[in-house]
Amino acid sequence: MKIIDGKNISNKIIENIQKKVELKLKSGFRAPKLAIILIGENYASETYVSAKIRTCEKVGISTQLFRFDSNVKSSEVTGKIEELNYHPDYDGILVQLPLPSHLHQREILDIINPLKDVDGLTSLNTGFLALNRPKFIPATPLGIQKLLIESKVGIEGKHIVICGRSNIVGRPLSNLFSNDQVHSNATVTLCHSKTNNLINHTKNADILIVAVGNPEFINESMVKEGSIVIDVGINRVKDFSNKKGYRIAGDVNFDSVINKVSMITPVPGGVGPMTIAMLLENVLKSSS
Ligand code: GUN
């Protein structure tokens, strides 16, 4: 059994991006620049955004954070995005999700200039991916594909079962892996909360990818012997044996499946660090 070390793989990718940014600067180009829009107060979003900013700055990608109050008017946010859309100093625009409930997520995301949509979440870029003509691919799906490539896992012809159909992870993943492209061409089953007999699907997976946001949802009885398991979940669960009073758990019960699978991503240290590395790749691509 092998543990897929997302931290190590992402560090190598980040080092490589740093070298490419240095080369750009040496050639007289300005540093790539990412605008991040953060609305309201959400502890998880604050943590993700500071990790994104820290890693960008480490490799020489500039960032500018635009903060809005949780009761901001939609027109104020869309006005800022429109200003950034054609501003020559910015290569990428990211709106951190989730948004406060009074804001219409789809309408706001779709204001972003698709050429600066480094999160790949606009309807246009979602459609391009679904039509086998990818431009910007969302960072988490791209990170999972990279983890499998770096771990020398052949994807073509495999049965990939995805649990969770979110627009950020499950749905773009199903398009990415079913496309007719290198490191894709898998047979994909996309499961969700209304799927009947989920276990009958998960037990047939060569590669099982879980993004349901439910701690330790998948156990040993639900996985195939020798399969590969990718755990996208990052959940806080109460744990009073821990100084913080909680621990971070994935969507897979790691201890339960560990002796049955051939490869697995840990939480933390699996998919999470790859998401940031792939965002940086998208910003670099957008600046080229
Ligand atoms: N919130 C949680 N994950 C993500 C992500 O990948 N992108 C954005 N914009 N928001 C998120």
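First listed ligand is number 1; within each ligand, the first listed atom is number 1.
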J.: Looking only at protein heavy atoms, identify the closest one to atom 11 (C) of ligand 1 and say how far it is in Å.
T.: Gln96 NE2, 3.4 Å
J.: Is there a side-chain contact (heavy atoms from CB on, under 4.5 Å) between Ile37 and Ile81? Walk through the geometry before answering.
T.: CA-CA 9 Å; Ile37 295 182; Ile81 296 173; 3.6 Å; yes
J.: I'd like the name of whichever of Leu97, Leu94, Asp119, Leu109 reaches closest to atom 9 (N) of ligand 1 through any heavy atom.
T.: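 When every heavy atom of Leu97, Leu94, Asp119, Leu109 is considered, Asp119 comes closest to atom 9 (N) of ligand 1.
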J.: When you compare the side chain of His159 with that of Thr189, does any pair of heavy atoms fall below 4.5 Å?
T.: yes
J.: Among all protein heavy atoms, pick out the one at the shortest distance from atom 4 (C) of ligand 1; state its residue, atom name and that distance to 0.1 Å.
T.: Ile168 CD1, 4.1 Å
J.: Give the atom numbers and elements of ligand 1 that come within less than 4.0 Å of a heavy atom of Val95.
T.: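 Matching atoms, with element in brackets: 8 (C), 9 (N).
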J.: Do Asn179 and Ser184 have side-chain atoms, one donor and one acceptor, less than 3.5 Å apart?
T.: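 No, because no side-chain N or O of Asn179 sits under 3.5 Å from a partner of the opposite role on Ser184.
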J.: Nearest protein heavy-atom contact for atom 5 (C) of ligand 1: which residue, which atom, what distance?
T.: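 In this structure, atom 5 (C) of ligand 1 has Lys52 NZ, 4.1 Å as its nearest protein heavy atom.
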J.: Linking I/L/V/M/F/W/Y whenever their side-chain heavy atoms sit closer than 4.5 Å, directly or via other members, would Ile93 and Ile39 fall into one cluster?
T.: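 Yes, one cluster joins them.
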J.: Please evaluate residues Leu142 and Asn282 with respect to the criterion side-chain contact (heavy atoms from CB on, under 4.5 Å), reporting the C-alpha separation (whole Å), side-chain torsions for both, the decisive distance (0.1 Å), and the verdict.
T.: CA-CA 10 Å; Leu142 201 54; Asn282 278 347; 3.9 Å; yes
J.: Just heavy atoms, cut-off under 4.0 Å: does Leu279 contact ligand 1 by side chain, backbone, both, or neither?
T.: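 It is neither; nothing of Leu279 touches ligand 1.
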